[in-house]
Protein chains: 2
Amino acid sequence: MISRKTKYALQALGCLAEGAAGEPMLIADLAERERIPRKYLEAILVALRKGGVLTSRAGRGGGYQLAAPPAEITLARVITILDGDLAPLPCLAGDAPARCDECGDLDTCGTRLVMAEVMRTLNATLEGLTLADIVARSREARERRRGTPDFSI
Amino acid sequence: MISRKTKYALQALGCLAEGAAGEPMLIADLAERERIPRKYLEAILVALRKGGVLTSRAGRGGGYQLAAPPAEITLARVITILDGDLAPLPCLAGDAPARCDECGDLDTCGTRLVMAEVMRTLNATLEGLTLADIVARSREARERRRGTPDFSI
DNA sequence: AAATATGTCTACAATGTCTGTAGAGTTTTG
DNA sequence: CAAAACTCTACAGACATTGTAGACATATTT
């Protein structure tokens, strides 16, 4: 359901979402703060950039930034970029379902019909959650623990 | 999200749920009807038996039967038996979440909190669907296609 | 222009999981 | 006993995941 790679990605993206919007962050800093192998994170960030979720700048003073506000980057998008289609079976593919070898009839296969229902629900859930939620949940949890909910500016 | 193994299992279980309740079905018949490699299906059925979803009888006249009515066997149960916990990351395990190596603090990790939400939704969906739904969806689809919805007994 | 800081790309390797196969063994019925 | 059926252990190939290495390209600062 969630790979280590995706978790790394969400952690790094959460980190970027928490930071100030204007300043790029370095791969090395993200890797250290979130305890992610540097070169592995590198590959993840490149994929996210190609997926349009991040922008980067090389050279001194460069680094990575979110390509959009945290509230506009959904979990569905991040997961799809990194792990591909949620459904590893051809007959459940979101866009163009194709017959699996063992599927008798695509339209009347009960297993397929029921699992398609599950996939739709899951997708709706993932479309409804964003990086902003990750930041919010984390902050709520920290405040709750200290017993000092902070409603001030 | 769904492995080939789980799909095979659901197909075979759907087949058993459709058939008459009293008569056991043979591995070989299930394998042929659903186009599943015989020996692989064998391993799947053994796991389901150990998981309490099936009963079997060896010897002539033997075979496999559901251990409960189709409406009482949830997708959640089948998937858990075959693929283990839905969450492959320690920090998201349903019963006893443990810290992953890269998790800083289990209670305030935003990624974990949000993904836990997703897992709960997914689990609720899978708990709400049963073998009876697989049979029902398949029958509805067949009836719809022939243009002869059948509301009679 | 040179030096340095930074991201980019390709290739590879270790490990693990998934899918599938083989064959000997055990239980039950007739 | 003999045949029909499930049971168990072991293995193997393909594939995905995770992680590493190092050469390269780009941008900034001086």
Side-chain angles (χ1 to χ4, degrees), chain A residues 1-12 16 23-32 34-51 53-67 79 81-90 100-102, chain B residues 1-12 16 23-32 34-51 53-67 79 81-90 100-102:
Chain A
M1 172 54 225
I2 182 177
S3 64
R4 207 180 190 90
K5 188 197 275 189
T6 299
K7 189 189 172 194
Y8 286 158
L10 292 176
Q11 284 181 254
L16 285 164
E23 305 152 17
M25 293 189 68
L26 307 185
I27 293 182
D29 290 349
L30 285 169
E32 194 188 356
E34 301 294 338
R35 294 199 190 97
I36 303 172
R38 191 192 188 289
K39 289 299 252 179
Y40 195 41
L41 176 59
E42 193 181 294
I44 293 169
L45 295 181
V46 167
L48 290 173
R49 180 178 54 78
K50 288 187 178 165
V53 162
L54 290 177
T55 59
S56 66
R57 243 177 48 202
R60 182 178 276 180
Y64 279 96
Q65 278 181 283
L66 294 183
I79 293 178
I81 289 171
L82 293 173
D83 292 340
D85 199 317
L86 282 175
L89 297 182
C100 297
D101 289 344
E102 70 281 5
Chain B
M1 174 52 224
I2 181 178
S3 63
R4 207 178 189 90
K5 190 199 273 193
T6 298
K7 189 189 172 195
Y8 285 159
L10 292 176
Q11 286 181 253
L16 284 165
E23 306 152 16
M25 291 190 70
L26 308 185
I27 294 182
D29 289 349
L30 285 169
E32 194 189 356
E34 302 294 337
R35 293 198 191 99
I36 304 170
R38 189 193 190 289
K39 290 299 256 179
Y40 194 41
L41 176 58
E42 193 181 294
I44 293 170
L45 296 180
V46 167
L48 291 172
R49 180 179 54 78
K50 287 186 177 164
V53 161
L54 290 177
T55 59
S56 65
R57 245 177 45 203
R60 185 177 275 180
Y64 279 95
Q65 278 179 283
L66 295 182
I79 293 178
I81 290 171
L82 293 174
D83 293 339
D85 200 315
L86 282 176
L89 298 181
C100 297
D101 290 344
E102 71 280 5

Over how many whole Å does the gap from Y40(A) atom OH to dT15(C) atom P extend? 16 Å
For dT8(C), take OP1 and OP2 only and decide whether either is under 4.0 Å from a side-chain N or O of Y64(A). yes
Counting any heavy atom closer than 4.0 Å, what does L45(A) reach on the DNA or RNA strands: base, sugar-phosphate only, or nothing? nothing
Per nearest nucleotide of DNA chain D, the residue lying toward the 5' end, G62(A) or R38(A), is R38(A)
Can you find a donor-acceptor pair, distance only, under 3.5 Å between K5(A) side chain and dG19(D) base? no
Side chain of R60(A): nearest nucleotide among dC8(D), dA5(C), dG19(D)? dA5(C)
Whole-Å distance separating the CG atom of L41(A) from the P atom of dT18(D): 14 Å
Between dC8(D), dT7(D), dT28(D), spot the one nearest the side chain of R57(A), thanks. dT28(D)
Using heavy-atom distances to pick each residue's nearest nucleotide on DNA chain D, tell me which of V46(B) and K39(A) is more 5'. V46(B)
To the nearest Å, give me how far apart NZ (K50(A)) and C1' (dT10(C)) are. 11 Å
In whole Å, I'd like the distance from the CG atom of L82(A) to the P atom of dA16(D). 16 Å
Can you tell me how far P of dT19(C) sits from CZ of R35(B), to the nearest Å? 19 Å
Given dT29(D), dT26(D), dT21(C), the nucleotide with the shortest approach to the side chain of A58(A): dT26(D)
I want to check something: taking the side chain as every heavy atom from C-beta on, are K7(B) and C100(A) in contact at a cut-off of under 4.5 Å? yes
When you measure from the side-chain N and O atoms of R49(B) to the phosphate of dT7(D), is any distance below 4.0 Å, counting only OP1 and OP2? yes
Between dC18(C) atom C1' and D83(B) atom CG, what is the distance in whole Å? 10 Å
Approximate separation, where rounding is to 0.5 Å, of E42(A) CD and L30(A) CG: 12.0 Å
Looking only at dT4(C), dC8(D), dG19(D), the nucleotide nearest the R4(A) side chain is dG19(D)
Check the phosphate of dG19(D) against Y8(A), side-chain N and O only, distance under 4.0 Å to OP1 or OP2. Yes or no? yes
NZ of K7(A) versus C1' of dG19(D): gap in Å, rounded? 17 Å
Heavy atoms under 4.0 Å, any strand shown: does L26(A) hit a base, just sugar-phosphate, or nothing? sugar-phosphate
For the atom pair CG (L54(A)) and CD1 (I44(A)), what is the distance rounded to the nearest 0.5 Å? 11.0 Å
If you take all heavy atoms of Y64(B) and I27(B), which pair is closest and at what distance? CE1-CG1, 3.6 Å
If you take all heavy atoms of L82(B) and A47(B), which pair is closest and at what distance? CD2-CB, 3.9 Å
If the test is side chain to side chain contact (heavy atoms under 4.5 Å, CB included), which one of I79(B), D85(B), L86(B), I81(B) qualifies with D83(B)? I79(B)
Rounded to the nearest angstrom, tell me the gap between atom CD in E42(A) and atom P in dA23(D). 14 Å
Below 4.0 angstrom from OP1 or OP2 of dT8(C), is there any side-chain N or O of S56(A)? yes
